Amino acid sequence: MSQIVIDFIIQNTTKIATALFGAVAFATLVNVVVNPYYSQSKKLKKGIVLLKKCAFGQSVFRFVESLPKQYLNQWKCFTKTPNVYPSEIFEFATKKPKVVLSWLYFCLGISAVGMASMFFVDQNSDFLLLALSLTVCLCLSQNFVKAIRQRERKKMEKIFDKWLCHMDAFFGKDFDFENMGKKIDDKDLNDVIESFDLLKKSTDTATLEKIAKLLQSKGLNGQRTVAQQQRLNLALNQLMVQSQEKIEKTSKTKPIE
């Protein structure tokens with residue numbers, strides 16, 4: 001029976017060798033194409049874009065939804081830890097290298113061992129040459145895939161560092177997570193702007209403190225739209241200008257002792 005197998009391999013050496021080396025090339029190509037960091041990279045890039053948009057008044061909830069699952073626990077830790085930057089909490093999540101089509105590599109390794117065994121049985125140098133060539137190709141394939149994985153990890157680390165820089169710039173170390181999703185009602189904004197009329201009569205230096213307390217009491221620490229922020233800025237500017245004029249007028253009319 002073994003002689004029949006040996007004779008079959010000898011008669012079809014070229015076809016068998018082509019199939020074996022073709023299988024090595026296919027396994028190598030698949031491992032090169034499949035990037036274990038692809039999903040994580042895509043989500044981090046999306047998060048960077050969303051953070052840029054958030055800076056112009058859009059909600060940050062989409063950013064939270066874009067977080068890769070590897071960083072969800074670190075995000076929870078960050079939101080519950082006061083006075084820290086994200087970079088002080090977040091660490092790069094290394095993905096354990098996984099060989100795709102490992103079963104095919106295993107079968108090719110068994111084939112190389114089988115070819116070497118046949119050489120000792122039949123003393124045909126073709127078997128030994130094929131076994132050695134297949135072993136070398138398998139080693140080269142593994143090393144090449146390993147080098148690609150290392151390159152993909154370095155690229156992923158650069159994307160992670162960029163993502164982390166944007167998080168530091170946006171969230172800082174005292175981001176108000178309690179009011180992160182709170183929307184400002186236009187009625188509350190109108191009430192605050194109308195209340196500024198009372199502050200116009202103030203001539204002391206505590207005006208800013210009164211404004212802060214007023215905004216907080218009306219719940220305006222939440223997420224304001226661009227239009228709401230523009231209205232608030234305009235009202236604040238008018239208030240501060242008039243308050244400053246009153247202070248200057250009072251200082252000029254105050255008698256010199």
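The structure displayed is predicted, hence computed values, not measured ones.
- Although no hydrogens or angles enter the test, the distance criterion places no donor-acceptor pair under 3.5 Å between the side chain of S141 and the main chain of C137.
- Under the 4.5 Å side-chain heavy-atom criterion for grouping Ile, Leu, Val, Met, Phe, Trp and Tyr, L130 is not connected to V136 through any hydrophobic cluster.
- In summary, the side chains of Y38 and E152 do not present any donor paired with an acceptor at a separation below 3.5 Å, with no hydrogens or angles considered.
- Expressed to the nearest 0.5 Å, how far NZ of K154 lies from OH of Y37 amounts to 12.5 Å.
- Taken from CD1 in I110 to CE in M115, the straight-line distance is 12.5 Å, to the nearest 0.5 Å.
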Quiz item: Please walk me through it: do S133 and F21 pass side-chain contact (heavy atoms from CB on, under 4.5 Å)?
Solution: CA-CA 9 Å; S133 300; F21 293 121; 3.6 Å; yes
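- Between the side chain of N31 and the backbone N or O of V100 there is at least one donor-acceptor pair closer than 3.5 Å.
- Of the possible donor and acceptor atoms, none in the side chain of R149 sits under 3.5 Å from a partner among the backbone N and O of F144.
- The closest donor-acceptor contact from the side chain of Y71 to the backbone of A93 lies under 3.5 Å.
- When every heavy atom of A116 is checked against every heavy atom of A131, the shortest pair comes out as N-CB, 3.6 Å.
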Quiz item: K95 and Q70: side-chain contact (heavy atoms from CB on, under 4.5 Å), yes or no, with the steps?
Solution: CA-CA 9 Å; K95 195 159 181 82; Q70 294 90 344; 4.1 Å; yes
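- Of all heavy-atom pairs between L104 and A27, the closest is CD2-CB, 3.9 Å.
- By the 4.5 Å heavy-atom criterion applied to side chains, V145 and Y105 are counted as neighbours.
- Interatomic distance, CE of M167 versus CD1 of I89, reported as 10.0 Å (0.5 Å rounding).
- For the atom pair F170 CZ and I48 CD1, the distance stands at 14.0 Å (nearest 0.5 Å).
- One distance of note links CG of L20 with CG of L138; it measures 9.0 Å at 0.5 Å rounding.
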Quiz item: Going through the checks in order, is the side-chain contact (heavy atoms from CB on, under 4.5 Å) test met by I159 and Q40?
Solution: CA-CA 10 Å; I159 295 173; Q40 187 179 148; over 6 Å; no
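- Both F160 and L67 belong to a single network of hydrophobic side chains, linked directly or stepwise wherever heavy atoms of I, L, V, M, F, W or Y lie under 4.5 Å apart.
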Practice problem: Tell me, with the steps shown, if Y85 and F78 meet side-chain contact (heavy atoms from CB on, under 4.5 Å). | Solution: CA-CA 8 Å; Y85 285 101; F78 168 61; 5.9 Å; no
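- Ring orientation note: the planes of F63 and W75 are nearly perpendicular, at an angle over 60° on the 30°/60° scale.
- Under the 4.5 Å side-chain heavy-atom criterion for Ile, Leu, Val, Met, Phe, Trp and Tyr, L140 and V113 are members of distinct hydrophobic clusters.
- Note that the CG atom of D161 and the NE2 atom of H166 stand 12.5 Å from one another [nearest 0.5 Å].
- Using a 4.5 Å heavy-atom threshold, the side chains of L132 and T135 count as separate.
- For W163 and F92, the ring centers are positioned 6.0 Å apart or more.
- Residues V24 and L29 do not share a hydrophobic cluster, clusters being chains of Ile/Leu/Val/Met/Phe/Trp/Tyr side chains in contact below 4.5 Å.
- Centroid-to-centroid, the aromatic rings of W103 and F106 stay 6.0 Å apart or farther.
- Residues K46 and V49 fail the side-chain proximity criterion, which asks for heavy atoms closer than 4.5 Å.
- In terms of hydrophobic clustering, with Ile, Leu, Val, Met, Phe, Trp and Tyr side chains grouped at heavy-atom distances under 4.5 Å, F26 and L108 are assigned to a common cluster.
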